[in-house]
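Note sheet for the following structure.
Numbering of ligands and ligand atoms starts at 1, following listing order. Everything numeric here is computed off the predicted structure, so don't read it as measured data.
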Amino acid sequence: MKITVIGAGHVGATAAHRIAEKQLAKTVVLLDILEGIPQGKALDMYESAPVGLFDTRIQGTNDYADTADSDIVLITAGLARKPGMSREDLLMKNAGIVKEVTDNVMRYSQNPIIIMVSNPLDIMTYVGYVRSKLQSSRVIGMAGVLDSARFRSFIAEELNVSMQDINAFVLGGHGDSMVPVVKYTSVAGIPVSELLSAEKIESLVERTRKGGAEIVNYLKDGSAYYAPAASAVEMIDSIVNDRKRILPCSVLLEGQYGIENVYIGVPVKLGAAGVEEILEINLSRDELEALRKSAAIVEQNCNNLTDLLA
Ligand code: APR
């Protein structure tokens with residue numbers, strides 16, 4: 001198993017180290033346009049191996065030839081969100097970067113699984129899909145796992161219970177239009193609505209919606225990376241080990257939920273082949289409407305990229 005991580009910044013480097021520590025690959029290649037950064041970080045990570053007890057090789061590079069024959073490519077290249085900047089502000093700049101990165105990746109790897117992290121997430125995943133010409137089951141966006149993790153962590157804190165027992169699904173676009181599905185949120189199988197008041201749940205939902213911004217406001221010059229990296233690696237773990245976990249991911253919908261040709265977050269089965277199934281769960285009328293509204297925003301933004309993607 002060879003895993004390439006494009007972008008040796010906060011998310012990319014954190015993810016690369018986590019992949020190595022979990023020994024999810026024999027080789028991890030860390031690539032960035034900045035000279036020296038991926039090489040230095042990769043060497044530093046490699047020198048942690050005797051203490052971290054892993055045998056994964058980590059190589060830092062600026063040359064796409066080193067990414068040849070990757071099984072999985074994690075794309076984190078791009079600009080991070082600054083305070084006051086919406087994910088949508090990043091759109092044109094990051095679309096250009098993701099287009100260039102995807103084209104370069106595909107020159108050296110025949111049939112990789114691409115996991116997108118760059119924001120605005122659902123749109124960048126679409127850019128990766130169009131440019132790579134891979135089957136849509138092999139181009140997947142990381143958002144729902146992160147948004148759900150945030151929601152789960154807030155519920156665990158509120159109830160003072162183990163994280164392990166909390167299940168939650170946050171669907172829709174990765175942005176202000178995300179759709180936390182409270183009905184499928186439970187604590188050891190107990191619906192969260194039996195444990196917390198509707199007002200409390202709503203405040204946690206709101207905090208989840210603004211979870212990314214809350215961190216940007218603290219960091220000032222950068223955005224979240226520990227939880228995003230951990231979430232991407234959870235997806236990689238399910239693929240590498242063919243675990244067939246059910247995780248919310250951004251995938252191309254082709255009629256499911258009444259949505260056509262748009263990347264949006266829904267529950268999927270992730271295994272060795274990538275997206276092995278898209279689950280169509282029962283949503284309330286309001287939830288379905290919110291999901292479709294979220295998809296319409298993504299679609300509109302993707303339509304603005306027609307020239308760039310041509
Ligand atoms: N090719 C390769 N790497 C690039 C390119 C490019 N064309 N353009 C930028 N990069 C690299 C930068 O040099 C930098 O090292 O991408 C890296 C991004 O790292 P950070 O600025 O630390 O950003 P990070 O916090 O890792 O976020 C990366 O993930 O969560 C999203 O919104 C976030 O889109 C952003 C991405």
Side-chain angles (χ1 to χ4, degrees), residues 4-19 29-42 44-45 59-67 70 73-108 114-128 131 140-147 149-150 173-176 178 210-235 249-250 265 301 308:
T4 286
V5 179
I6 310 284
H10 288 99
V11 178
T14 310
H17 196 215
R18 207 175 166 92
I19 292 164
V29 176
L30 185 60
L31 183 145
D32 202 285
I33 36 162
L34 298 178
E35 283 179 25
I37 301 293
Q39 290 85 349
K41 290 192 180 183
D44 189 15
M45 282 177 212
Q59 183 190 0
T61 187
N62 308 111
D63 184 355
Y64 278 90
D66 293 322
T67 71
S70 292
V73 179
L74 182 66
I75 299 183
T76 76
L79 301 182
R81 203 154 48 118
K82 302 274 162 27
M85 198 178 180
S86 78
R87 289 192 180 86
E88 279 68 25
D89 292 337
L90 282 179
L91 175 62
M92 290 315 269
K93 190 87 191 146
N94 279 356
I97 293 174
V98 168
K99 173 187 169 184
E100 171 207 311
V101 164
T102 308
D103 290 355
N104 282 323
V105 163
M106 295 309 296
R107 283 169 55 210
Y108 293 97
I114 294 180
I115 299 183
M116 190 65 66
V117 176
S118 307
N119 273 315
L121 190 273
D122 307 279
I123 305 162
M124 293 308 112
T125 315
Y126 180 74
V127 171
R131 295 303 302 187
I140 316 161
M142 188 292 296
V145 177
L146 168 62
D147 295 329
R150 285 184 172 143
H174 185 50
D176 305 331
M178 67 179 72
K210 301 195 169 121
E214 186 177 357
I215 296 194
V216 169
N217 285 335
Y218 279 123
L219 298 182
K220 308 281 187 253
D221 194 21
S223 54
Y225 54 100
Y226 289 111
S231 302
V233 175
E234 182 167 55
M235 290 167 62
C249 301
S250 183
N301 279 301
L308 183 109

Exercise for the section: Check whether any side-chain N or O of T76 sits under 3.5 Å from a backbone N or O of G7 as a donor-acceptor pair, and report yes or no. Expected result: yes

Exercise for the section: Would you mind listing which atoms of ligand 1 come within a distance below 4.0 Å of any non-hydrogen atom of L79? Expected result: 34 (O), 35 (C)

Problem - Donor-acceptor contact below 3.5 Å, side chain D147 vs main chain H174 - result: no

Problem - Distance-only N or O hit between ligand 1 and N119, under 3.5 Å - result: yes

Fill in the blank from the handout: Quick note on ligand 1: atoms under 4.0 Å from a heavy atom of V101 include exactly 1 (N)

Problem - E100: numbered ligand 1 atoms lying under 4.0 Å from its heavy atoms - result: 7 (N)

Practice task
Please assess K41 against D44 for the test side-chain contact (heavy atoms from CB on, under 4.5 Å), listing each intermediate value before the final yes or no.
Solution key: CA-CA 5 Å; K41 290 192 180 183; D44 189 15; 5.5 Å; no

Exercise for the section: For the residue pair M45 and L30, establish whether any side-chain heavy-atom pair is separated by less than 4.5 Å. Expected result: yes

Fill in the blank from the handout: Atoms of ligand 1 under 4.0 Å from any heavy atom of L34, numbered from 1 in the order shown, are 13 (O)

Problem - Distance-only N or O hit between ligand 1 and H10, under 3.5 Å - result: yes

Problem - Flag side-chain contact, heavy atom, 4.5 Å: I115 against I75 - result: no

Problem - Side chain, backbone, both or neither: V11 near ligand 1, heavy atoms under 4.0 Å - result: both

Exercise for the section: State whether a side-chain donor-acceptor pair under 3.5 Å links S70 with T4. Expected result: yes

Practice task
Out of A227, G212, G78, indicate the one that has the non-hydrogen atom closest to atom 16 (O) of ligand 1.
Solution key: G78

Handout entry: S118 and N94 side chains, donor-acceptor separation under 3.5 Å
Key = no

Handout entry: Non-hydrogen atom of T14 closer than 4.0 Å to ligand 1
Key = no

Exercise for the section: Kindly indicate whether the side chain of L74, heavy atoms from C-beta on, has any atom under 4.5 Å from the side chain of M116. Expected result: no

Exercise for the section: Mind checking whether P228 contacts ligand 1 via backbone (N, CA, C, O), side chain (CB onward), both or neither, at a 4.0 Å heavy-atom cut-off? Expected result: neither

Handout entry: Sub-4.0 Å atoms of ligand 1 with respect to non-hydrogen atoms of N94
Key = 34 (O)

Practice task
Would you mind running through ligand 1 and noting each atom that sits below 4.0 Å from a heavy atom of I97?
Solution key: 5 (C), 6 (C), 7 (N), 8 (N)

Exercise for the section: Would you check whether Y64 has a nitrogen or oxygen atom less than 3.5 angstrom from a nitrogen or oxygen atom of ligand 1? Expected result: no

Problem - Donor-acceptor under 3.5 Å (D32 side chain, I6 main chain) - result: no

